[in-house]
Amino acid sequence: MKITFCGAARTVTGSCYLLEYEDKKFLVDCGLFQGNKAIKEHNYGEFPFNPAEIDFVILTHAHIDHSGLLPKLCKHGFNNPIYTTPATIALCEILLPDSGYIQEMEVERKNKKLTRAGKKLLEPIYTAADAMTMQHLFSPVEYNQSFSPVEGMEITLRDAGHILGSAMAAVNYRENNEKYKILFTGDLGRNDQVLIEDPFIVDRCDFLVIESTYGNRLHTGGFEVEKPHFAKIINDTIASGGNVIIPAFAVDRTQDVLMMIYEMQKENLIKEYPVYVDSPLAIKATEIFASSLECFDEESKQLCDVEGKAPFILDNLTFTPTSEESMRLNQIKGAIIISASGMADAGRIKHHLKNNLWRKESSVVFFGYQAEGALGRRLIDKEKKVTIHGADIEVKANIYNMDGFSAHADYEEMLEWLSHCKQLPNQMFVTHGDEESALAFADKVKEKYNVPIIVPYLGDVVELKMDGVKVVDKKDFATLVIDDNLLADINITLQKITANQDIDKLIRIRDFLKNIS
Ligand SMILES: [Zn+2]
Ligand SMILES: [Zn+2]
């Protein structure tokens, strides 16, 4: 068995592993690269394999950094089953066309500039239509039910406790009359999340591919810690006639926030104030959550029985799918408005911020990670003036940042999860984390368990053997990864050159950059 690390290697996004077993080839995940320009370039290049030769795909969960290049894979010749859980399929049905639409918009914007410059136009990685036409390839597999896509191999999906439908993939296979098991954690969730089950405890595996998003960080806060604080914010804001604006990711965080509101209402910490979910994607996702009760933990299932419906479908909840309904919320006072995107960079949330940031009686509550440069980040960094849709807005509303709401296990939680393995793996691979985070986590595991660990580079090919695993080859990734530091260096150099008016050097650098891009 060989594994090629085609993504999420020393970086978080673009999860994709190519596995070669006898004459078969298959993928675990086929995700989009997200982040800075250089990382996103990987989405445009050719795959380091021929999509038409892939026999099947196993998809761990619906997040775009795991599923987002599936439509591209199909566009380039893949036409075989994609095995995953029913909830993941339902979420992919809305998330992938949405991602296609975003690609189309991005290219349209770039093409306007290219047209003006008289340059060759770009094509989107895939369109919303591409993402719709591949949906029939999804093949549902329930948790804990083994299936055998090829002879000599059995695969079982286990609940990863990360988001609705998320799975770890256990791949059991035979080689030279020996049995082996590789486990891919996908994204590893946490115990006691609001709605879903805890991550499945694995008793043994020979090879383990584990994520490391929080490989060097610990979570603080969490709902139980923040609940009284959150309730007070809501009560105070609404008492003074303001709105509580909550930027939230459409999948998962929106439903978590609704569930928190449900609990606070039940415990009489807050009254049944009007709650609006104003994002077409979040509305669809909430409906999928409400019909995927089989994925919930026991406590949430019991609540569904008591309420006769999913508890987060509050009696005081209104969905506003159309833009007219959304616009009507501009006049509203004393309400809780949940909208996407979670980092306040796109989507309808921007309208609500535009309408509320200047009001000292309103509040904005963030619940998730805010990337450098995002509007959400600037607000939690207490910037006093922001520009939204071309208008300068003075920030007078109260801005809050709730900590500890990640769907990823932190390093202590991952080590704890590993401690339940009765037999530790022969070899581990640490992926899906920034380099610093992945290396730090590898050190922590080595210190505690003394297991051989590889932190693979993008394109590394390894052969799995019980007597030692090593990198046997390296697939070429055409794009050069320029990190932020290198980019800053290039900028400084260019500024110095232009200051010296050394145009020859500038032209040489331009030609060099042209060649590598
Ligand atoms: Zn994820
Ligand atoms: Zn991920």
Side-chain angles (χ1 to χ4, degrees), residues 5-17 27-35 39-40 42-43 57-70 84-85 87-92 94-96 98-99 143 157-169 183-190 193-200 208-217 219 248-256 281 285 288-289 292 295 340-343 367-369 371 405-411 413-414 417 429-435 437-438 441 455-456 458:
F5 296 87
C6 305
R10 297 192 179 227
T11 185
V12 176
T13 60
S15 267
C16 183
Y17 308 98
L27 300 181
V28 173
D29 290 342
C30 190
L32 194 80
F33 288 88
Q34 296 167 303
I39 287 179
K40 284 206 272 192
H42 290 304
N43 296 323
V57 176
I58 305 166
L59 176 61
T60 61
H61 65 292
H63 275 155
I64 288 299
D65 64 314
H66 296 256
S67 67
L69 285 186
L70 284 170
T84 190
T85 62
T88 299
I89 297 175
L91 289 173
C92 281
I94 57 168
L95 287 177
L96 293 179
D98 183 67
S99 167
Y143 286 131
L157 300 183
R158 306 287 192 186
D159 199 328
H162 168 60
I163 61 159
L164 193 84
S166 67
M168 307 179 202
L183 183 84
F184 293 85
T185 63
D187 288 357
L188 194 61
R190 313 171 64 189
Q193 286 219 77
V194 182
L195 282 168
I196 54 173
E197 281 281 12
D198 294 350
F200 183 85
L208 175 65
V209 181
I210 189 167
E211 69 128 318
S212 60
T213 318
Y214 284 82
N216 57 353
R217 283 173 292 166
H219 299 311
F249 296 107
V251 173
D252 214 40
R253 196 50 43 85
T254 295
Q255 295 75 30
D256 283 351
L281 198 62
I288 291 171
F289 270 65
S292 305
C295 297
S341 72
M343 294 197 211
F367 276 95
Y369 171 73
F405 286 86
S406 173
H408 292 270
D410 64 22
Y411 71 79
E413 291 166 325
M414 287 195 284
W417 176 78
F429 301 93
V430 176
T431 60
H432 197 292
D434 290 334
E435 191 156 54
S437 181
F441 184 60
V455 181
L458 201 59

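Just so you know, these numbers come straight off a predicted model, no measurement behind them. In listed order, ligands and their atoms are each counted from 1.
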Let's go through H66 and H432 carefully: what are the C-alpha distance in whole Å and the side-chain angles of both, what is the deciding distance for side-chain hydrogen bond (donor to acceptor under 3.5 Å, both in side chains) to 0.1 Å, and is it a yes or a no? CA-CA 10 Å; H66 296 256; H432 197 292; 3.3 Å; yes

Any side-chain heavy-atom pair from [X] and [Y] closer than 4.5 angstrom?
X: H42; Y: L458; result: yes
X: T431; Y: F5; result: yes
X: L195; Y: L164; result: no

Results of side chain to side chain donor-acceptor pair (under 3.5 Å) for S166 - residues two or more places apart only: none

Give me the one residue out of T60, D252, D187, T185 that meets side-chain contact (heavy atoms from CB on, under 4.5 Å) with H162. D187

State the count of protein N/O/S atoms located less than 2.8 Å away from the Zn ion (ligand 2). 4

